[in-house]
Amino acid sequence: MTFPANIFASTNIGVDKTNLSILDDLNESQKQAVQHSGGPLLVVAGAGSGKTRVLTRRIAHLIGSQNVSPFEILAITFTNKAAAEMAERVSKLVGRVALRMWVSTFHSACARILRMDGSSVGIKSGFSIYDVSDATRLVDYARRDLGVDSKRFSPKGLQRSISNFKNELITPGQALENAQMDTQATVAKIYAEYEQRLRAANAVDFDDLLGKCVELLREDDEVREKYQNRFKHVLVDEFQDTNLAQWEFVRLISKKHNNITVVGDADQSIYRFRGADHLNMQRFEQEYEDASVVVLNTNYRSTENILNAANAVISNNNSRHKKELVSDKGIGEPIVVYYANSDRSEAQYVANTINKLSTTQSLDSIAVFYRTNAQSRLIEEQLIRNGISYRIIGGTKFFDRREIKDAISYLRVFSNQSDEASWRRIINEPKRGLGDTSISKIATFARNYGISFRKALEKPNEIGLSKKASTAALGLCSLFDVAANGEYETVAKVLEYLLEASGYKKMLEDEGSFESQGRLENLLELISQAREFDIAIDKKIEFAEQGDSGLEIPTFAHEDSTIFNPESVFDRIQAFLEAVSLLAESDQANANDESVTLMTLHSAKGLEYSTVFITGLEEGLFPHERSMGDISELEEERRLCYVGITRAMDRLYLTCALSRIMYATPDYFSPSRFLKEIPAELVNAIEDKEVPSEFMRSSAPGTNNKSSRYSRIYDDFAFDDIDPNDQSEQGRVIGQGKRPRRRDFATDEIIRSRIWGSDSASKDQISDVNEFEAQPLISQPPEPDFDTSEFAIGSRISHEKYGLGTITSLDTHKNGDIAISVDFPTDRTRTFMASLNPPIELV
DNA sequence: ACACTTCACCTTTTT
DNA sequence: GGTGAAGTGT
């Protein structure tokens, strides 16, 4: 079991002000950006072009040369880790005062503002912050109580829709007004109900942090004035990943002084699913006509080979301003592309290669990336087998574990008595005889009388609970009363008491299973993290009295300590909960021992490693199946690939596997189009030596009856000529799934030849860099036989999944592919590529 | 109310 | 392959 590196072990940052001059080691463009005197500034910063350096130096420059107070600067970064790093780097230039500045993520900054000033938009200071799973649960309660069918409106789908509304700053009322169909109206009603419940629970979700903050800045003149006056300079990193709410927040808060610097790279925009819109880069120029623009296009990170590969891949995106990075390093080694037979042999190759590399370079300088978290498991296994230590970023998150969520809920209930969702989580955990019936009664009572869940819990007799339930309810109340009696002064002490006195710990101990043992260990880990947090706060107090602080405590800067009383255990717990909620995946990236880093491509943004492995480069996985039908989503996948490649400084390995186990069922893939987009002369291609492994054939039949794109690719390639009625041994259909699983009886050789090309080139030929193109291992996906000749703008069509729609545009791309955009009244406008044979028919 | 089962769905990606 | 919802039996 891997625990996250301790997130609260406050890095005792070396804050010696070095003799570094602010303008040392900068090129002309960088200097220009750093010295920009004021007004709007857009820095278009390619990968590895010294973006962070520019931002850091600019802040230092403002403080050192422009007489700007550190407290008049608001700097927004993408993760808490990036924020801490930036504060540290600034502190090296201007001293410790930098550590008390507002350098934070959007979400942290907004949470802070809402804590202090949220009351006028209905947010009370003690609010709980719900993560996506909390929010989804609450949305589902709202759906259920409105009597809406969960089959047609899935909790996740609803949560996503609501989240999208919030990202676009659309209120429930507006959503209802805009609704054109019943389904949309239903979603809007659930949205309204969900909002009401959030407010009743004094809780906000992630999107609210921004949305409510924008509402506050828009509507409360006094508050707006306060922040606009205060922040004379606003700087935003990763601007290409801002959504409308974030953009609006930035615009509002910087409006008075208009000294706004944004830094970004449209080619690295990878958060569209979260509402990010890289066009915000262009909009910035339109909105601020007097904006200065600085372009940083010298890459100081990667070798020419790596950079050329990245440039080649990204140039396939059509909706893009052409720009090319120039490398400052030599040519470097060729990129290695490894074609594995299976996901297992892919993982073996990665582990073996790391083993070899580790004799000449530190494991810290090596990273392995993948598209989805689920891919990490096999790689982990092989690394363990090879005795290579690793750390994993994200994945099954520590704070997502059930026991941790329960413990957090105990704390939430302690600090926010109205938090119904958290009450529900812990009220019968451990079992107290307060089952579903009792819970419903309590919740209904609370709602009817407009009182908090806790207040209702105190009145079991009025509610009419059974005797056993009544006793349990009163017992629970007194548990929290005792916890709050002043005897327990720190987060750790309260937490320990609650877990002990509630019987939660005992419940796990009594269970005595291997699993419950693990859960107990996790709880101990949480308590120790709480302890670290307490220590950090206490140290902070000490330093603060000396007028200085070397420690970074999440959220509560000394400057604004009026809202945070370290003597109050309530405030401490609230701070702890907030730090935990807003923790980013990539915030855990530090570990002490030397090890390889594993993470998703998304988490990799902003980082760099000497050696990078990108695994799972297969059609359907990367680009992901879910993005393959929509051109703009496909382009986002390509940007993700670009981000991955440009993380590598010296060596880049790309791997793809012929077969891969998905949902415990083997499936077959063809190599990713991204591999083909890399010029052959940059590549050294290697093919798996091993005989295809047995397990691919012998694996137990599952019930994967999903008609996936992979299956289709697979079917098209391998089995057009296999008769499903063939009763011979070769053709016998095995497996009892609803759909015969034809893949089970085919030999790997058939599959291999059909998917990868019929006369698979010999290993030697493939390894020859120059012959790679001449001997393509990879056969193209099905030739586009999709006929668009009768399509015209305005044609009415019918789509298998989205129903009737109207063609709004037809674009022929430079590769000959045709993009068909269709407006669906029941859905958004979608774009389909003819080469992908979309299920569209003229009507 | 709870313990035990079977079943569907799942995986993009994250503040 | 793992999880949470829903169903079944005490």
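The figures that follow rest on heavy atoms only: side chains count, while hydrogens, waters and symmetry mates do not. Chain letters run A, B, ... following the sequence lines, proteins first, then strands; residues in each count from 1. Please read these numbers as outputs of a predicted model, since none were measured by experiment.
Remark: C1' of C:dG2 and CZ of A:Arg402 are 13 Å apart, rounded to the nearest angstrom. In this structure, A:Leu114 atom CG and B:dT15 atom P are separated by 19 Å, rounded to whole Å. Between the CG atom of A:Asp134 and the C1' atom of B:dT14 there is a distance of 15 Å, rounded to whole Å. If you take CD of A:Gln375 and C1' of B:dT13, they are 11 Å apart, rounded to a whole angstrom. Computed from coordinates, the A:Asp667 CG to B:dC10 P distance equals 16 Å when rounded to whole Å. A:Phe78 has its CZ atom 15 Å from the P atom of B:dT13, to the nearest Å. If you take CZ of A:Phe369 and P of B:dT14, they are 13 Å apart, rounded to a whole angstrom. Computed from coordinates, the A:Lys441 NZ to B:dA1 P distance equals 8 Å when rounded to whole Å.
A:Arg639 and A:Glu636 are joined by a salt bridge, as a carboxylate oxygen and a charged side-chain nitrogen come within less than 4.0 angstrom of each other. Using a 4.0 Å cut-off between charged side-chain N and carboxylate O, A:Glu346 and A:Arg660 make a salt bridge. A:Asp265 and A:Lys51 are not joined by a salt bridge, as no carboxylate oxygen comes within less than 4.0 angstrom of a charged side-chain nitrogen. Between A:Asp140 and A:Arg143 there is a salt bridge, with a side-chain nitrogen of the basic residue lying less than 4.0 Å from a carboxylate oxygen of the acidic one.
For A:Thr437, a side-chain nitrogen or oxygen approaches OP1 or OP2 of B:dA1 to under 4.0 Å. OP1 or OP2 of B:dT14 sits under 4.0 Å from a side-chain N or O of A:Ser603. A close approach under 4.0 Å does not occur between any side-chain nitrogen or oxygen of A:Asn167 and OP1 or OP2 of B:dT15. Residue A:Thr600 has a polar side-chain atom (N or O) positioned under 4.0 Å from OP1 or OP2 of B:dT14.
Aromatic pair A:Tyr271/A:Phe78: centroids less than 6.0 angstrom apart.
For the pair A:Arg274 and A:Phe206, the cation does not sit on the ring face, since its NZ or CZ is not both under 6.0 Å from the ring centre and inside 45° of the axis.
Side-chain proximity of A:Val132 to B:dA1, B:dT13, B:dT15: nearest is B:dT15. Distance from the side chain of A:Phe206 is smallest for B:dT15 among the nucleotides B:dT15, B:dA1, B:dT14.
As judged by a 4.0 angstrom heavy-atom cut-off over every strand, A:Tyr271 is placed among residues touching the sugar-phosphate backbone only.
Rounded to a whole angstrom, the distance from the C1' atom of B:dT13 to that of C:dG4 is 22 Å.
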Given the rule that a pair is Watson-Crick or G-U wobble with both distances under 3.5 Å, how would you write DNA chain C in dot-bracket, using | for pairs to a different strand? .|||||||||
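Along DNA chain B, the nucleotide nearest to A:Ser627 and the one nearest to A:Ile439 differ in position, and the one closer to the 5' end is contacted by A:Ile439.
More than 12 heavy atoms of other residues, nucleotides or ligands sit less than 6.0 Å from atom CZ of A:Arg144.
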Heteroatom pairs (N/O) under 3.5 angstrom, protein to nucleotides 2-5 of chain B:
residue : atom : partner  : partner atom : Å
B:dC2   : OP1  : A:Gly433 : N            : 3.3
B:dC2   : OP2  : A:Asn428 : ND2          : 2.9

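Just one residue in the list A:Leu474, A:Ile442, A:Thr471 forms a side chain to side chain contact (heavy atoms under 4.5 Å, CB included) with A:Pro460, and that residue is A:Leu474. A side chain to side chain contact (heavy atoms under 4.5 Å, CB included) with A:Phe249 is found for one member of A:Ile113, A:Leu244, A:Leu209, A:Leu169 and no other, namely A:Ile113.
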For side-chain contact (heavy atoms from CB on, under 4.5 Å), just list the numbers for A:Val580 and A:Ile404, CA-CA rounded to whole Å, side-chain angles, deciding distance to a tenth of an Å, and then say yes or no. CA-CA 11 Å; A:Val580 164; A:Ile404 301 301; over 6 Å; no
